[in-house]
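What follows is a single structure, written as structure tokens, with notes after it.
In what follows, every heavy atom counts, from backbone to side chain, and hydrogens, waters and symmetry copies are set aside.
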Amino acid sequence: MLFESFVYPLVIMISVPLATAGGVLGLAVLNLFAFQPLDMLTLLGFIILVGIVVNNAILLVHQTLFHIREGGMAPPDAIREATRDRLRPIYMSTLTSIFGMAPLVLFPGAGSELYRGLGSVVLGGLSLSAVLTLTIIPPLLGLILAPLEERRRGRLEAPAPAAAE
């Protein structure tokens with residue numbers, strides 16, 4: 001409802017496989033140094049990861065649509081400006097999550113092996129998706145944005161049919 005289209009959520013969902021690939025890579029790197037099974041807490045890390053990463057793509061799409069609909073910008077300019085506006089918040093939230101999860105993965109201690117899988121999944125997934133989301137979502141928006149917004153504008157400007165009397 002926020003985007004008034006079913007296509008924009010599909011663009012947002014493209015960031016999920018990117019994050020999942022990063023989570024698998026993070027778990028694989030951890031398994032090079034210490035064995036970590038794919039247990040329930042590690043799988044919970046994938047769920048947490050998807051929730052965090054989807055927010056980054058939502059920020060990009062929403063800001064782009066805001067620039068087009070409210071600011072009257074052209075789609076390429078809106079994409080560039082939205083990426084520029086949201087780059088810092090995306091990296092700040094990603095870095096705080098990475099630095100928050102790093103002690104779970106890097107420092108041994110009592111009970112650390114319990115959450116090491118969760119931390120490695122979130123750490124690897126956020127690291128990879130922060131870069132890939134910012135390099136894949138804006139060009140994808142560039143391909144679909146102009147036709148979708150033209151169609152939306154045409155629907156809004158179309159006259160209402162006259163009531164039959």
Once you round to the nearest 0.5 Å, how far does [atom1] of [X] lie from [atom2] of [Y]?
| X | Y | atom1 | atom2 | answer |
| --- | --- | --- | --- | --- |
| Leu44 | Tyr115 | CG | OH | 9.5 Å |
| Leu59 | Ser93 | CG | OG | 7.5 Å |
| Phe99 | Leu123 | CZ | CG | 9.5 Å |
| Arg86 | Met92 | CZ | CE | 12.0 Å |
| Leu145 | Leu140 | CG | CG | 10.5 Å |
| Ile14 | Leu132 | CD1 | CG | 12.5 Å |

Taking side chain to side chain contact (heavy atoms under 4.5 Å, CB included) as the definition, give me every residue that meets it alongside Val7, ordered by chain and number, with sequence neighbours left out.
Ser5, Ile144, Leu148
Verify the cluster assignment for [X] and [Y]: are they in a single hydrophobic cluster under the rule of side-chain heavy atoms below 4.5 Å apart?
| X | Y | answer |
| --- | --- | --- |
| Leu65 | Ile136 | yes |
| Leu30 | Leu25 | no |
| Phe6 | Ile68 | no |
| Leu18 | Leu87 | yes |
| Leu10 | Ile12 | no |

[X] versus [Y]: any side-chain heavy-atom pair under 4.5 Å?
| X | Y | value |
| --- | --- | --- |
| Leu38 | Phe46 | yes |
| Val16 | Val54 | yes |
| Val29 | Ser120 | no |
| Thr42 | Pro37 | no |
| Leu49 | Ile52 | no |

Determine the minimum heavy-atom distance between [X] and [Y], stating which atoms define it.
| X | Y | value |
| --- | --- | --- |
| Ala57 | Ser15 | CB-OG, 3.8 Å |
| Ile98 | Ser127 | CD1-OG, 3.5 Å |
| Met101 | Gly119 | SD-CA, 4.0 Å |

Classify the side-chain pair Gln36/Arg116 by whether it contains a donor and acceptor separated by less than 3.5 Å.
no
Thr64 and side chain to side chain contact (heavy atoms under 4.5 Å, CB included): which single residue from Ile137, Asp85, Ile79, Thr83 fits?
Ile79
Out of the candidates Val53, Leu126, Thr133, only one should pair with Thr94 under the side chain to side chain contact (heavy atoms under 4.5 Å, CB included) rule; please name it.
Leu126
Walk me through it: do Leu134 and Leu60 pass the test side-chain contact (heavy atoms from CB on, under 4.5 Å)?
CA-CA 9 Å; Leu134 291 169; Leu60 282 174; 3.8 Å; yes
For Asp77 and Arg80: C-alpha separation, side-chain torsions, deciding distance, then whether side-chain contact (heavy atoms from CB on, under 4.5 Å) applies.
CA-CA 5 Å; Asp77 297 332; Arg80 239 184 328 277; 2.8 Å; yes
